[in-house]
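Not measured: the values here are computed from a predicted model. When a ligand or atom number is given, it counts from 1 through the structure's own listing order.
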Amino acid sequence: MKILIKDGHIIDPSQDIDDIGDILIVDGKIKEIRVKSREQKTESRDFKLRDTNSELRTINAEGFLVIPGLIDMHVHLREPGYEHKETIKTGTKAAIRGGFTTVCCMSNTYPVNDNASVTEYIIRKAALEGLCTVLPIGAITKGQKGEELVEMGTMKEQGCIAFSDDGLPVMNSLIMRRALEYSRAFDLPIISHCEDLTLSDDGVMNDGLLSMTLGLKGIPAEAEQIMVFRDILLTELTHGRLHICHVSTEGSVNLIREAKKRGVNVTAETCPHYFILTEDAIRDYDTNVKVNPPLRTKKDIDAIKEGLRDGTIDVIATDHAPHNRDEKLMEFDLAPSGISGLETALPLSLMLVDEGILSIKKLVEKMSSNPAKILTLTSKGGLRPGNDADITIIDLNKEFRVEAEKFLSKGKNTPFDGWKMKGIPVVTISKERIYKW
Ligand code: DOR
Ligand code: ZN
């Protein structure tokens with residue numbers, strides 16, 4: 001099948017393209033990209049489409065942004081084991097609606113993705129039912145217990161693209177050292193959920209005056225920062241590859257910035273809720289704002305925005321963490337952590353563009369090109385000829401109101417329900433299919 005995307009505003013940081021142009025797709029791959037410089041505007045813009053046998057579909061993208069499909073390095077698809085929260089099918093539907101053409105699914109399933117057969121199950125299920133590309137992240141340790149390393153080699157062969165015990169930290173520094181050594185040998189990143197459990201001590205929100213006032217147990221910023229620092233040191237020691245996920249504090253941003261200056265092989269991500277919401281959102285005990293790490297303060301938000309602006313934070317991921325309604329209806333202390341994030345991440349991140357913190361090009365870098373680079377996805381994250389035709393077309397001016405009930409994800413758990421937002425995908429192209437709204 002051939003698809004011609006015409007007259008869109010193409011932004012592709014990987015080729016430094018930011019201009020009006022056309023893209024020709026043939027059989028799921030980008031065949032040609034034609035940017036129209038000012039002089040070419042009057043010339044004939046048509047591609048030579050000689051093979052008349054195959055069907056050609058034309059998409060008029062005039063007035064819309066055309067970018068490489070978004071890549072989410074951090075989602076919880078919950079399958080196998082927690083299908084009441086999400087499945088590969090519903091999670092990838094939500095991804096497509098949100099403009100994501102690749103999602104990397106975390107290992108905290110049941111059973112945990114800590115061996116090649118679970119990885120194989122996910123890959124097969126995703127091939128059958130996934131609307132977008134699904135890349136599994138294997139656990140670092142068996143059962144995420146932090147005691148014994150998984151067999152990274154066989155899991156890599158089966159399709160794991162990184163390793164993480166996300167949801168739980170690897171508390172034992174020797175095990176983490178070994179994991180980083182292997183990450184070097186296998187050339188795959190270790191994605192670290194940085195939390196010193198002895199310090200977070202079953203806390204449920206940011207530690208401070210507000211947690212005291214609300215009578216909720218606090219998690220100090222240091223619980224994250226101690227582990228960020230430890231993992232940076234271990235990365236220096238081992239020359240491994242470290243990616244720090246869901247950065248939530250000013251101190252973490254500073255530590256990562258310093259480490260990068262020293263040349264440490266570390267990258268980092270944050271999520272929209274960490275630059276949009278503060279702990280104040282917890283005042284009425286809304287469990288939809290319970291996340292781990294917890295929402296922090298204005299000072300932390302400002303530091304995260306600066307980290308995004310100056311390149312300390314490479315990636316915006318969602319940490320899409322769908323939960324069942326009944327689970328989130330529990331008291332704040334008992335409710336599970338997480339936000340269903342795939343269907344709001346793009347408009348929330350576009351707020352950074354409105355605020356002048358990121359250009360659209362930088363945003364595309366953080367939501368597509370950089371994740372592709374970090375995960376060495378050579379055929380994704382850019383619109384180069386030969387690449388997979390993963391493309392998102394966005395109407396930047398479209399205003400809409402978030403309706404959680406209409407989410408395609410099973411997880412309706414969002415604190416952004418009812419929020420007015422601007423900028424939404426109108427077309428997502430993935431796995432040779434066109435999804436249009
Ligand atoms: O809020 C979170 N939810 N943070 C995590 O680290 C895990 C995730 C989940 O699995 O629900
Ligand atoms: Zn995590």
Enumerate, one pair per line, all nitrogen or oxygen atoms of ligand 1 lying under 3.5 Å from a protein nitrogen or oxygen, stating the separation to 0.1 Å; write 'none' if no such pair exists.
residue, atom, partner, partner atom, Å
ligand 1, 1 (O), Asn292, N, 3.0
ligand 1, 1 (O), Gly338, N, 3.4
ligand 1, 3 (N), Ser337, O, 3.1
ligand 1, 4 (N), Asn292, O, 2.8
ligand 1, 6 (O), His193, ND1, 3.2
ligand 1, 6 (O), Asn292, O, 3.4
ligand 1, 10 (O), His76, ND1, 3.4
ligand 1, 10 (O), Arg78, NH1, 3.0
ligand 1, 10 (O), Asn108, ND2, 2.9
ligand 1, 11 (O), Arg78, NH2, 2.8
ligand 1, 11 (O), His323, NE2, 3.1
ligand 1, 11 (O), Ser337, O, 3.1

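Donor-acceptor pairing under 3.5 Å is recorded for the side chains of His76 and Asn108. Between the side chains of Thr90 and Glu86, a donor-acceptor pair is found at a separation under 3.5 Å. Defined by atom type and a distance below 3.5 Å, a donor-acceptor pair is missing between the side-chain atoms of His323 and Lys328. When only modelled atom types and interatomic distance are considered, His246 and Asp166 share a side-chain donor-acceptor pair under 3.5 Å.
Using a cutoff of 4.0 Å between basic side-chain nitrogens and carboxylate oxygens, Glu79 and Lys125 are scored as salt-bridged. A salt bridge links Asp388 with Lys29: the distance from a Lys NZ or Arg NE/NH1/NH2 to an Asp or Glu carboxylate oxygen falls below 4.0 Å. Taking the charged nitrogens against the carboxylate oxygens, Arg309 and Glu306 do have a contact shorter than 4.0 Å, which makes a salt bridge. For the pair Lys142 and Glu148, the salt-bridge criterion is met [side-chain N within less than 4.0 Å of a carboxylate O]. Salt-bridge check for Arg241 with Asp187: passed, with a basic side-chain N closer than 4.0 Å to an acidic carboxylate O.
The set of protein atoms (N, O or S) found at less than 2.8 Å from the Zn ion (ligand 2) reads Asp166 OD1, His193 ND1, His246 NE2, by chain and number.
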